[in-house]
Protein chains: 2
Amino acid sequence: MFSHSEENYLKVIHKLAFSNSKNVSTNLIANELQTKASSVTDMLKKLADKKLVNYEKYRGVSLTKKGELIAVNVVRKHRLWEVFLVDTLKFNWDEVHDVAEQLEHIKSDQLIDRLDTFLNYPTIDPHGDPIPKKNGEIPFNNSILLSEGITNKIYKVSCVKDNSKSFLQFLDKHEITINSELTIVDKFDFDDSMTVKLIGGHSIILSNKVSTNVFVNLK
Amino acid sequence: MFSHSEENYLKVIHKLAFSNSKNVSTNLIANELQTKASSVTDMLKKLADKKLVNYEKYRGVSLTKKGELIAVNVVRKHRLWEVFLVDTLKFNWDEVHDVAEQLEHIKSDQLIDRLDTFLNYPTIDPHGDPIPKKNGEIPFNNSILLSEGITNKIYKVSCVKDNSKSFLQFLDKHEITINSELTIVDKFDFDDSMTVKLIGGHSIILSNKVSTNVFVNLK
DNA sequence: CTAAAAATTTAGACTAGTCTAAATTTGAGA
DNA sequence: TCTCAAATTTAGACTAGTCTAAATTTTTAG
Ligand SMILES: [Mn+2]
Ligand SMILES: [Mn+2]
Ligand SMILES: [Mn+2]
Ligand SMILES: [Mn+2]
């Protein structure tokens with residue numbers, strides 16, 4: 001079994017490797033975990049000793065097969081718990097992250113299997129992120145950023161990139177949720193903003209910051 | 001906020017104070033927590049510094065108001081999670097303790113409030129133990145031990161004292177559960193065993209070890 | 001009342017995880 | 001290719017929690 005701290009490092013390395021492709025740097029990890037680079041170096045050595053990461057001094061790290069499996073399993077638990085919190089306990093989607101950060105470290109395979117069954121095998125979490133399978137496979141989703149959409153097509157919101165309270169509350173305010181359907185009416189080169197119309201709802205001007213944090217699928 | 005470890009010490013002191021009335025000794029705590037007396041002494045000093053226990057060298061400890069409140073809250077969380085595991089996730093009553101030991105340390109008042117609501121404000125856990133109220137009040141239950149019952153009365157099983165897997169599985173095997181109704185047909189002085197008949201069910205001879213680990217209420 | 005046993009505390013050490021400050025390595029730009 | 005700033009690691013320290021072994025206090029029994 002691995003400690004809370006080890007699991008958090010593995011999860012963060014997994015996350016950063018996803019967006020940065022090659023080796024993940026010490027400073028990136030330190031920044032993501034709100035800790036110091038020296039602490040990260042210490043932990044990377046421990047994880048390397050346990051064969052969870054490939055670590056070469058000054059060259060950053062990548063996850064081994066073993067490390068990857070543990071990281072993905074923590075992500076699976078995090079997202080399943082988020083579904084439970086929103087669907088079953090009626091939390092709002094902007095309230096669940098911190099509690100899920102704790103729940104993801106509970107050690108019990110049986111618990112997570114039964115939770116999965118109770119929730120009826122969900123495939124995405126409340127923010128649209130895919131829930132990894134038990135075997136570590138992560139369902140692929142060919143979404144695009146709303147900012148890359150073109151006018152006069154119908155899109156469905158599939159996922160939000162920024163999970164911050166303020167962004168999620170902004171979306172709530174404007175009635176944009178996962179599965180909302182919308183059309184891009186107009187795109188403005190000047191500031192990369194766009195006018196969007198929710199199907200059967202209101203129109204709204206979205207800044208580039210918003211449209212680059214929302215993923216959509218063509219209907 | 002208090003650490004995992006601090007919460008466990010407070011919970012154990014609370015439990016032991018309940019059955020031992022006066023001050024709780026270092027060795028009792030060490031035994032209950034499967035740790036060493038010297039470790040207990042160290043922690044008692046820390047808890048005393050934080051005004052969570054009244055500690056006098058060589059004389060054992062008792063909880064302060066503040067310590068008591070924290071301990072009872074951990075017990076509340078433990079028991080609510082046990083209800084969730086059994087009622088919602090369909091765990092058997094002999095499988096839930098270890099997972100609840102982990103879940104009881106999750107920090108979120110909102111989580112426990114919503115769990116309580118979802119479970120419809122249960123008053124007892126799967127083993128019949130009372131679930132403390134939010135304010136720290138513990139519902140009193142005037143049960144007696146089955147071993148103290150008399151013949152030819154109808155009793156209802158209210159709680160089990162021993163929560164070990166082997167005892168709970170023994171009870172399962174003989175179809176004795178919380179709320180089972182039964183009559184004591186005969187009591188044998190020789191070994192303090194008794195013959196018990198389940199209402200509408202079979203008769204069975206119970207050893208003293210069994211009857212002193214089952215609480216009942218007169219119907 | 002007193003000696004031995006039992007309980008408890010103290011002393012000193014160890015691990016995990018973290019930090020600051022100093023040293024080292026890397027790599028970008030002149 | 002050289003220099004220097006940025007990135008990274010090392011050195012040394014600190015906290016929480018634990019342990020063993022030794023010292024001290026309390027309790028028990030004769
Ligand atoms: Mn989250
Ligand atoms: Mn999420
Ligand atoms: Mn329990
Ligand atoms: Mn219980």
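Chain letters run A, B, ... following the sequence lines, proteins first, then strands; residues in each count from 1. This one's a predicted model, so the numbers in the text were calculated from it and none came from an experiment.
Using a 4.0 Å cut-off between a side-chain N of Lys or Arg and a carboxylate O of Asp or Glu, D116(A) and K134(A) do not qualify as a salt bridge.
With 3.5 Å as the limit, one finds no donor-acceptor pair spanning the side chains of W93(A) and D125(A). Side-chain contact check for S158(B) and S143(B): at least one donor-acceptor pair (N or O, by modelled atom type) lies under 3.5 Å. If you check the side chains of N27(B) and S25(B), you find no donor sitting under 3.5 Å from an acceptor. For the residue pair H97(A)/H127(A), the side-chain donor-acceptor check at 3.5 Å is not satisfied.
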- side chain to side chain donor-acceptor pair (under 3.5 Å) evaluation trace for Y9(B) with S5(B): CA-CA 6 Å; Y9(B) 273 90; S5(B) 196; 5.4 Å; no
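Taking the six-membered ring wherever Trp is involved, the centroid distance between the rings of F91(A) and F84(A) does not fall below 6.0 Å.
For R59(A) and dA6(D), the CZ to P distance is 19 Å, given to the nearest whole Å.
Bounding nucleotides for the chain A contact on DNA chain C, 5' to 3', at a heavy-atom distance below 4.0 Å, are dA16(C) to dG27(C).
A side-chain donor-acceptor contact under 3.5 Å links K77(A) to the backbone of I106(A).
Contacts between residues 26-41 of chain B and DNA chain D, defined by a heavy-atom separation under 4.0 Å, are made by T35(B), K36(B), S38(B), S39(B).
Within the nucleic acid shown, K57(A) comes within 4.0 Å of sugar-phosphate atoms alone, with no base atom in reach, counting heavy atoms only.
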